[in-house]
Every structure is written in structure tokens, then in C-alpha cells.
Trainee: 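The structure is given below, and queries will be raised subsequently.
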Amino acid sequence: MRVMTKPAIVNIEHVGQHAGEEVTLQGWLYNLRESGKLLFPIFRDGTGILQGVVSQKEQPTAFEALHGLGQESSVIVTGKIRPEPRAPGGFEMGVTHVEVVGRVKESEPYPIQLKEHGVDFLLDRRHLWVRTPRQASILRIRAEAIRAGREFMDAQGYTLADAPIFTPAACEGTTTLFEVQYVDDQKAYLTQSGQLYSEALAAALGKVYCFGPTFRAEKSKTRRHLTEFWMLEPEASYAHLEDMMALGEGLVSHIVQSVVRNRRRELETLKRDIPKLEAVLPPFPRITYDDAVAILQQRGNPAKWGDDFGGDEETILSSQFDRPVMVHRYPAAIKAFYMEPDPLRSELALGFDMLAPEGYGEIIGGGERISSYDLLVKRLRENNLPEEAFQWYLDLRRYGSVPHAGFGMGLERTVAWICGTEHIREVVPFPRMIYRVYP
RNA sequence: UCCCCGGUAGCUCAAUGGUAGAGCAUUCGGCUGUUAACCGAAGGGUUGCAAGUUCGAAUCUUGCCCGGGGAGCCA
């Protein structure tokens, strides 16, 4: 007697390896085109989309099951895979069996159509919007960027040591922090950076990085801002500004090249200009703040020495180069209190920013930290920061202080640049923005 | 906080002072190679809210609400 074997369950991304075989897909009905007694359902399973074809004459049962079925109904379908130049993707399933797992009711059709929608509408339905191939591709690229970033840091000898999310006080003032009710009457704040904690951990472990969410209550409403975003923050003892610029360029180029290598299909779905990403290899250009001001003035920008750069200035600077540019040695006055001064010119801070190409703005900010106890106390006082809250941080300078440096890489800005998205909100599963926390 | 733009059918939009429309979606009918399929028909509206001007307001005025983009601040 014959043994009936069940067809293998396969993912659509691997369907090309099963040409000529009968396979089963578990997914959703992405679209249904009907042409008389012939149906062209398009299935998606999260790894891709695949067109099916069903003839009423040859497969009446499968035809009836799919006929009139609503978009995004969940289905398990079986059929033979064959090359088909007329089908998107080059392969097609001749559907022989259909199991409708979850039918979408006609009275409540799936709201997101295969057409343009407004931002407000899509953001209110982010829980459904993520199903579209474009959004799913972005989220896969995000995952690859995280994997590659951690792979690089680990290979460089950095130990993952995460910073807390509840913090007792502001790093740099409380106005941009989210305050939360802690136990009893205590107040706590959501972290705006793991850096200060990473400095402590770097003195314990040598080279560390943290990777987690950070929170900013700034009322920024731009395509570059979220209230909750993820940062990868390395910190290394006995490290200097130049070490961090080399690390940053290595990290960013490794992330970009890993995405190009491992998520090419997704970049193609996004219609990203891949050669532009392939060019993102070390060395990245390094220019001083002085150079940057000169470049801006040459281009007719009214920037003066001592000004911080806004979005326009960043766009002009980054557009001069085909890969990220690092601007270093800013005036100390416009940088954070903990930045080490340049020993050659004390009005400068040993900090740097990395600006992504194509106007995506600052993706890395960092530099060398003050190692002198006396100077750090002086800077705390100059900035009117509460010394009591920073006693543990001052301890790092009391007990075996060393030169050390680090930076923070904004994940979403980096991924938005890699994906070429119009807005940073598309590169996080559920974006948190000022005035928008649903769903 | 400030500046600019927007809000009309479930969605995307049109209608600039004179009867509120189209495409998509939904329902019904047709179509054996579709490509956001196509063709025909039907149902679907307190034009964000409130007040004002006017014979008449989606349209003009004022206030409010909501959203978007930018500045500041930042990654």
C-alpha cells in the first residue's frame, strides 16, 4: 500500500528551492484578483509574498474556499510550486487545497488597502501596518542591524553590560526626562542615556557597551525624533577620542555591510540605492569643527564659530561626502559637561559626532570623558547640576581614574538611513512620539 | 513653547460663495493569465467642533480640538 506523506511546510522566502514540489504555506491572503473562473490569490507569510492560481474547473473546492475571501484572512494552502515568469517573484503555486483559519468578515473589511494611505491613518493602525511587505522588510533590516552591531562589539572585546532604565536623577537636567512614580513617594526617571553607568562598568570590565531603550521628553516633532529610541553605547577605559572614531566607523560600516549582505532582498523591496550603501567602508572622513564651519561658510551658510549645528548645517556637511563624516573637537561651550577638554586648545572638547549621508543627521555622538576629579566638580558647578546626585559618578574619579571614552549610536536614525525611509518612525515596531502612544 | 500646513464617504482625494463628487474598499452581476486586474450596477456624508458674515457657507471670519512638518533641544 502507498504511504501518503504530507507536503512540507515551507516559508515563501525559500519557495524557489521547492520548484516542482507540492508544499504547504501557512500565512495570510494578501490580495485576491478574480478573473472569471480563474483566481489569482497572493499569499504572504511574513517572509515574502507568493502568487497562487486556482481554476474553478480543475480545483472547484479550493476555488470556492478562496472566492470572495477577504484580504488578510489567514489561510493554510497546499499546492505545487512552479516557475512562472508572469507571477511576481518568478514562482507560482497551483493551489490544490485551502484551509481558511481565520476569515475576515465582509462587514469589517481589512482597513489597510494596497494603495496610498495617510500617515495618521497608518499610525493609528500600526498593529496592522507592520504586515505590509515594506514594513516587514524594515523590521528585518532593523533586526539585522542589531545583530551585526552586537556581533561587531563582541568581536572587538567589548562586554555587554546594560545600564538601568529607572534612574534616580537627571544626567543633564530634568526637563527632558519622563518622571515616573516609584515605590511609595519616591520619584524616578526613565533613562536618557546609559553613559554614566557605562563609565562605571568600563572601570570594572575594561571595555563595555550597553544596548537598550532611552527616553527623551523633548517636544520635538520631526522626522528624526522619537520619545523612545534605542542606543548602542560603548565605553572603554584607557581609550581616547581617536579610538572612538575608529570604533564608530568600524561599527557603522560593519552594520551597513551586514545588511547589504544578509538583507539584500529587503533593501530591494524598499527600492534602496544599494551601491550607495556598498560604498560605506572605512575610512570615513574626519573633519574638525573649525573645518566644518569653514565648509558651511563657503556654501553660504551663516554659521559662525561657536554655533551648534542644526539640521540644515548637518545636511550641508554630510552632503559633501559619500559616507558618514565625523566632525570632532567642538567648542566645549556647546557640548555636555563631562567632555574632556582638548589639551592643545582648552576651548575645544574632545568630542565627535558622526553625521549620516543623505540628510539623516547625527547617528553617533561621543568622545573622551573628563577624568580629573577637580575639573569634573568644576563643570558640575558651572552647569548648576546637583552634586549630591553625582557622588557615585565622582567616585569613578576618586578611585583609580583613567582616561576613558565612548559614544552613543542611535539605532533608529542609523536604520532609517540604511533603509532610506522618509521618517524614523517607520523603523521601530511601535513608535513612541510626542502626542502619540497608541497602539 | 514658537512658526508653517492640513482635517470632506471606511480609505485617497476633488469641489473657492449657488443641488457634495470620483477612484478604491464593501455588496450584486460579468470576465480562463491577472499584476494596487478590468467592465457594469447599488448602498454609503451632521464637510473636525462652536459661533459669526451672507438670500445662500465644505468654501469667508473668529475661537477651540486633533494631526503633520520644521525651529529650539537632541541620537
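Here is the naming used below: chain letters follow the sequence lines, and residue numbers restart at 1 for every chain. Only heavy atoms go into these numbers, but all of them, side chains included; no hydrogens, no water, no symmetry mates.
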Trainee: For B:rA75, does either OP1 or OP2 sit under 4.0 Å from a side-chain N or O belonging to A:Arg223?
Mentor: no
Trainee: Report the distance from atom CD1 of A:Ile112 to atom P of B:rC11, rounded to the nearest whole Å.
Mentor: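 Atom-to-atom, A:Ile112 to B:rC11, this comes out as 12 Å.
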Trainee: Return the nucleotide paired to B:rU16: Watson-Crick means purine N1 to pyrimidine N3 with N6-O4 or O6-N4, wobble means G-U with N1-O2 and O6-N3, both under 3.5 Å.
Mentor: none
Trainee: Nearest heavy-atom pair of A:Ile370 and A:Glu340: which atoms, and what distance?
Mentor: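 Looking at all heavy atoms of both residues, the shortest contact is CA-OE1, 2.9 Å.
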Trainee: Answer with base, sugar-phosphate or nothing: what part of the nucleic acid does A:Leu226 contact at a heavy-atom distance below 4.0 Å?
Mentor: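 Result for A:Leu226 = base.
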Trainee: Over how many whole Å does the gap from A:Tyr330 atom OH to B:rA75 atom P extend?
Mentor: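 Atom OH in A:Tyr330 sits about 11 Å away from atom P in B:rA75.
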Trainee: OP1, OP2 of B:rG33 versus side-chain N and O of A:Arg82: anything below 4.0 Å?
Mentor: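 For B:rG33, neither OP1 nor OP2 has a side-chain N or O of A:Arg82 closer than 4.0 Å.
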Trainee: Does a sphere of radius 6.0 Å around CD in A:Glu58 hold more than 12 heavy atoms from other residues, nucleotides or ligands, not counting ones at 6.0 Å or beyond?
Mentor: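 Count not over threshold, so no.
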Trainee: Verify the stacking flag for A:Tyr435 against B:rG67: centroid separation must be under 5.5 angstrom and the ring planes must differ by under 30 degrees.
Mentor: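 Stack criterion not met.
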Trainee: So with a 6.0 Å cut-off around NE2 of A:His97, is the heavy-atom count from everything else above 12?
Mentor: no
Trainee: Given atom CD of A:Glu106 and atom C1' of B:rG44, what is their separation to the nearest angstrom?
Mentor: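 So the CD-C1' distance, A:Glu106 to B:rG44, works out to 17 Å.
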Trainee: Rounded off to whole Å, could you give me the NZ-to-P distance for the A:Lys37 and B:rG29 pair?
Mentor: 12 Å
Trainee: Can you tell me how far C1' in B:rC66 sits from the matching atom in B:rA57, rounded to whole Å?
Mentor: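 So the two C1' atoms sit 22 Å from each other.
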Trainee: Quote, to the nearest angstrom, the C1' distance that separates B:rG48 from B:rC65.
Mentor: 7 Å
Trainee: Between B:rG21 and B:rC3, how far apart are the two C1' atoms, rounded to whole Å?
Mentor: 35 Å
Trainee: Using whole Å, report how far CG of A:Asp120 lies from P of B:rC11.
Mentor: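 Rounding to the nearest Å, CG of A:Asp120 and P of B:rC11 are 10 Å apart.
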